Amino acid sequence: MSTAPRIAAAKCDWGHDEAGCTVLHIDMDAFYASLEVARHPEYRGKPVVIGVGNRSVVSAASYEARQYGINSAMASSRAQKLCSNGIFLPVDMRYYRAMSHRIFKEVFSRITDRIEQVSVDECYMDVSGALLQWGSPSAIGAWIREQVALRYNITCSVGIAANKLVAKMASTNAKPNGMLMIPVARHAQFVQMMPLRGIPGIGPSLERRLNAWGVNSVADLARMSLESLEQATGSALSAHGLYQAARGLDDRPVVPYTQEKSIGAERTFEADTQDMRQVCSMLRWCCDDVATSLRKRGFLARKVMVKLRFPDLSYATKGRTLDCPTDAASVLYPQCVDLLLVMMGMAPESVHAVSLARPVRLAGMSASGLVLAEETAIQPSLDDLLEEKEAERHEAVQAKSAQMQTHAKRLRGAEAALDAVRQKYGNNIASFGV
Ligand SMILES: [Mg+2]
């Protein structure tokens, strides 16, 4: 859920010259909350918050709930205090992902295949090749908005501009349920009416740094020379980016990318815990959940990452690349335990320890670097094996490779059998043992 600043005055008619404005940024409005309202019409018009329990964090809030000052990443217990009559619901990521998949497939892909998916509810679209058929970028935006509302009972906002930066800022300011087209001639003016944080990528620390230089708005930023921006940021690259952004310029292309970036699972503990077994069994549950999703969608993951949130709500992540891509929980889980120990600053031998170095509030993991299983042969990388034992003879390497391949296949077979059992008797009937 976006917390980017919006300016009411920016939501106006900026003119109708669409020449060169071939980049659309589409962003669902309060996506998770809207989907819950769509399947529970009785919640319409009420404050709906996704993220329930006094131990979790808000991951989405309907616009009605935002009026109570509720924001993403706020502790749910605090949100509950701010809005005691709110409807608090658990995160149902599987449902949100499934709906996202349908919207991209059934609506967005009808326009063009030049779609860069940024997240489950957000994408850029390059419509330059679709204008002959569709007429104008705003006709495309209007059709998308109409279809999304009609088919799924949720709304989205659309920004139209000549580049990704201005298109994104336009959709942010069009929210909720709006569309803004910014003609090329007005890009600079539009951008320069924003506060610093209105530029995607300017976070609290860069904002503070710029403030110290007397720069308090994008208009101030536009008055800085490239040299002083370099001095202020300490980086030629950021200086160049800021210099361009302050003028509404951006030369990043829309890179078609539809594959999901990661699949993850996480849960908050009933009470903060330092118990190694409890945290490990949570990670095991997450691995099982993620591996099941991977297999269902035909993906293999190349990378694994562990996420921990601590009692003070700060969080840490640590990831690594796997020797060979996998969709098996039995491969993901030992990696997660290992990463957990690294994050805790504990030695690998302490895998049998009773207690972790510090208490955690939430544990989870995600799999990324997703590739389609049917396009990827499951085999360990020969490079890794060779590196491991340089002196080893070639046949030995081949034998080990074949052995690992058989092992990986067997593990996949076992977990695929688990999927079948679950499909027949329900998700909780069987779980993978360690
Ligand atoms: Mg959104």
Side-chain angles (χ1 to χ4, degrees), residues 1-8 10-11 23-39 43-44 47-51 57-74 79 89 91-109 111 115-125 140-142 144-161 164-181 194 197-203 254 257-258 260-264:
M1 157 175 156
S2 164
T3 47
R6 288 202 294 270
I7 297 223
K11 199 173 179 173
V23 178
L24 266 61
H25 181 258
I26 305 158
D27 193 351
M28 305 294 167
D29 301 325
F31 189 51
Y32 302 174
S34 305
L35 285 175
E36 294 292 355
V37 172
R39 68 171 166 178
Y43 296 161
R44 193 163 296 277
V48 174
V49 179
I50 311 302
V57 170
V58 172
S59 39
S62 69
Y63 286 88
E64 290 84 357
R66 292 181 199 194
Q67 282 169 1
Y68 291 82
I70 295 173
N71 251 318
S72 60
M74 170 185 282
L89 301 169
V91 180
D92 184 355
M93 210 51 219
R94 266 191 203 167
Y95 167 58
Y96 310 148
R97 273 198 299 255
M99 291 307 292
S100 159
H101 187 74
R102 283 189 55 192
I103 296 168
F104 274 81
K105 197 174 150 203
E106 296 167 3
V107 180
F108 300 172
S109 305
I111 306 284
I115 300 172
E116 179 176 338
Q117 185 168 358
V118 182
S119 71
V120 76
D121 75 326
E122 193 185 328
C123 72
Y124 293 100
M125 199 181 269
I140 293 173
I144 288 174
R145 284 172 24 75
E146 178 199 273
Q147 290 298 311
V148 167
L150 213 64
R151 290 169 184 243
Y152 315 102
N153 254 311
I154 61 172
T155 60
C156 64
S157 297
V158 176
I160 305 172
K164 282 161 75 169
L165 172 85
V166 181
K168 182 170 170 69
M169 291 172 76
S171 76
T172 299
N173 283 281
K175 276 182 173 297
N177 194 13
M179 181 161 88
L180 265 183
M181 196 282 293
M194 298 296 156
R197 295 289 290 279
I199 290 185
I202 298 190
V254 172
Y257 188 89
T258 47
E260 271 179 278
K261 282 178 180 162
S262 73
I263 296 178

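Hydrogens, waters and symmetry mates play no part in the numbers below; they use all other heavy atoms, side chains included. Atoms within a ligand are numbered from 1 in the order they appear, just like the ligands themselves. Please read these numbers as outputs of a predicted model, since none were measured by experiment.
- To the nearest 10 degrees, the Mg ion (ligand 1) sees O of Met28 and OD1 of Asp27 at an angle of 90°.
- Ser100 is linked by a side chain to side chain contact (heavy atoms under 4.5 Å, CB included) to Phe31, Phe104, Gln117, Val120, counting only residues two or more places apart in sequence or in another chain.
- Considering just the N/O/S atoms of Asp121, the one nearest the Mg ion (ligand 1) carries the name OD2.
- Cation-pi geometry between Arg102 and Tyr152 is not met at under 6.0 angstrom from the ring centre and within 45 degrees of the axis.
- At a threshold of 2.8 Å, the Mg ion (ligand 1) has no backbone or side-chain N, O or S atom of Glu122 nearer than that distance.
- Scanning for ring pair (Phe, Tyr, Trp, His ring centres under 6.0 Å) contacts around Tyr96 gives Tyr32, with sequence neighbours left out.
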Check: Can you list the steps and then say if Asp29 with Ser157 is a side chain to side chain donor-acceptor pair (under 3.5 Å)?
Finding: CA-CA 7 Å; Asp29 301 325; Ser157 297; 2.8 Å; yes
